[in-house]
Student: 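This structure is in structure tokens; I'll ask about it shortly.
Just so it is clear: chains get the letters A, B, ... in the order the sequence lines come, proteins before strands, and each one is counted from 1.
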Protein chains: 2
Amino acid sequence: MSDSAPLEKVAVSLTPQERFEEFLQSRGQRNTEQRRFLVDRVFSNHEHFDVDSLIEQLPRKGQENYVSRPTVYRALKEFVDAGLLRCFQLEGRSVYEHDYGYPQHDHLYCTRCQKLIEFTSDEMMKIRDQVAVQHSFRVTSHRLIIQGVCQDCSRRRKKRKQDLI
Amino acid sequence: MSDSAPLEKVAVSLTPQERFEEFLQSRGQRNTEQRRFLVDRVFSNHEHFDVDSLIEQLPRKGQENYVSRPTVYRALKEFVDAGLLRCFQLEGRSVYEHDYGYPQHDHLYCTRCQKLIEFTSDEMMKIRDQVAVQHSFRVTSHRLIIQGVCQDCSRRRKKRKQDLI
DNA sequence: TTTCGTGCAAAGGCTTTGCATAGAT
DNA sequence: ATCTATGCAAAGCCTTTGCACGAAA
């Protein structure tokens, strides 16, 4: 059974930067300034993000280290291929999160404040695999998102109701 | 534990057509030919579908019962609101399935043949609710998709390998 | 010097919207 | 008669692509 503590990191021997370097070399691709810069930015905090929120935080056109939108898209795809990031769809857009250095996990999604809460559950994995066996299905991955309202939003709502009395 | 049998229907007192009629009346909306026609078509078979595959099966422009693309989109949204259909995202597009008259379930998705296989799991629901309690999260719904390769595709692959020997 | 990567502009895929007309109640 | 629904064309949103130039190996 999982507990409610924040997700623990997993020990990894290479930095994301080094790992991506290796990935690129293995495919005969080049490690450019843009790619290095984006790896840095993407791994500078553990929040989930979408392309727009990432680009908002990057230098604008004309500034130092500007990276164009197509290049951001291309880089993110490479990060996913390299195992640095995972990508999933939420409300129509792609959401990215750290994969490298973090364990397999699933999400609670608060439809009030859009927060994504990570959790791990071994039992979830067991059931997944049992279901697969029953259907003679060979599993490669899964995606579980539990939607609802988080604690903070429930509290806020309750507080507001009390204030009205 | 769920078994591997196909999904059983759930007893409902109204036909989809009747249920949608009620829904429209409750919202002061009108039951048009297009809506009735689409309800019929959508409930004529239990397969999952996306907008394009649905429209392909509908009459073309100029023919009897033609329904325009925007109207199809608008109707599908209403069917979801009315509880007739459920909608989820798969590989970037919206996929629809019957909700009214069918139990809550999840999916195995074969990445080889794009087949969606439905399954129910009470244990899955239990774990979902346990996780939610641990995080003081109020659940409204969830979406689980297990990706991998289905039995048929595994067999085909094996067969092909044998043939090569 | 060869190849790959980048930025630009433009296009693509799916979905939604504004608007005038047609239709339901 | 009133007000919603439809079809059309156009726009929106997110993402990808073709191409010429620039940069890495």
Student: Quick one, give me the B/S/- string for nucleotides 17-25 of chain D, reading 5' to 3', where B means a protein heavy atom under 4.0 Å from the base and S means that only happens at the primed atoms, P, OP1 or OP2.
Tutor: BB----BBS
Student: Report the distance from atom CD of B:Gln25 to atom P of D:dA5, rounded to the nearest whole Å.
Tutor: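 These atoms are roughly 13 Å apart.
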Student: Just report the end-to-end axis angle for the helix from C:dT1-D:dA25 to C:dT25-D:dA1, five pairs per end, to 10 degrees.
Tutor: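 It works out to 30° between the end axes.
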Student: CG of B:Asn65 versus P of D:dT6: gap in Å, rounded?
Tutor: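 Between P of D:dT6 and CG of B:Asn65: 13 Å.
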Student: Identify, with sequence neighbours excluded, every residue that meets side-chain contact (heavy atoms from CB on, under 4.5 Å) alongside A:Gln151.
Tutor: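 Testing A:Gln151 for side-chain contact (heavy atoms from CB on, under 4.5 Å), a comparison that skips the adjacent residues, returns A:Arg155, B:Ser136.
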Student: Who passes ring-ring contact (aromatic ring centres under 6.0 Å, His included) against B:His105, sequence neighbours left out?
Tutor: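 B:His105 satisfies ring-ring contact (aromatic ring centres under 6.0 Å, His included) with B:His107 only.
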Student: A:Gln134 and A:Gln130: side-chain donor and acceptor closer than 3.5 Å?
Tutor: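 The answer is no; no qualifying pair exists.
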Student: Hey, what else clusters with B:Leu116 if you join Ile, Leu, Val, Met, Phe, Trp, Tyr whenever side-chain heavy atoms sit under 4.5 Å?
Tutor: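 Besides B:Leu116, the hydrophobic cluster comprises B:Phe88, B:Leu90, B:Val95, B:Tyr109, B:Ile145, listed by chain and residue number.
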Student: Going by ring-ring contact (aromatic ring centres under 6.0 Å, His included), name the residues that satisfy it together with A:Tyr100, two or more places apart in sequence or in a different chain.
Tutor: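 Partners of A:Tyr100 under the ring-ring contact (aromatic ring centres under 6.0 Å, His included) test: none.
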Student: Got a sec, which residues hit side-chain contact (heavy atoms from CB on, under 4.5 Å) with B:Asp106, two or more places apart in sequence or on another chain?
Tutor: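 B:Asp106: side-chain contact (heavy atoms from CB on, under 4.5 Å) contacts with B:Gln104, B:Phe119, B:Met124, B:His142, B:Leu144.
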Student: Show every donor-acceptor pair shorter than 3.5 Å between a side-chain atom in residues 7-16 of chain B and any protein atom, with sequence neighbours excluded, or say none if there are none.
Tutor:
from, atom 1, to, atom 2, distance (Å)
B:Thr15, OG1, B:Glu18, N, 3.0
B:Thr15, OG1, B:Glu18, OE1, 3.4

Student: Using whole Å, what does the distance between atom P of nucleotide C:dT16 and atom CD of B:Glu78 come to?
Tutor: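 From B:Glu78 CD to C:dT16 P: 12 Å.
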Student: Within residues 37-62 of chain A, which residues have any heavy atom lying less than 4.0 Å from an atom of DNA chain C?
Tutor: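 Within this stretch, A:Lys61 sit under 4.0 Å of the strand.
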Student: Once you round it to whole Å, what is the distance between P of C:dG7 and OH of A:Tyr66?
Tutor: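 After rounding, the gap between these two atoms is 7 Å.
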Student: With sequence neighbours left out, what residues match A:Gln57 under side-chain hydrogen bond (donor to acceptor under 3.5 Å, both in side chains)?
Tutor: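 None.
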Student: Listed by chain and number, what are the side-chain contact (heavy atoms from CB on, under 4.5 Å) partners of B:Arg112, not counting sequence neighbours?
Tutor: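 So B:Arg112 forms a side-chain contact (heavy atoms from CB on, under 4.5 Å) with A:Arg138, B:Cys110, B:Val149, B:Cys153, B:Arg157.
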Student: In whole Å, I'd like the distance from the OH atom of A:Tyr73 to the P atom of D:dC14.
Tutor: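 Checked: the OH to P distance equals 7 Å.
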Student: Please list all pairs passing the side-chain hydrogen bond (donor to acceptor under 3.5 Å, both in side chains) test where one or both residues lie in residues 62-73 of chain A, with sequence neighbours left out.
Tutor: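 Residue pairs with at least one partner in residues 62-73 of chain A: A:Asp52-A:Arg69, A:Ser68-A:Thr71.
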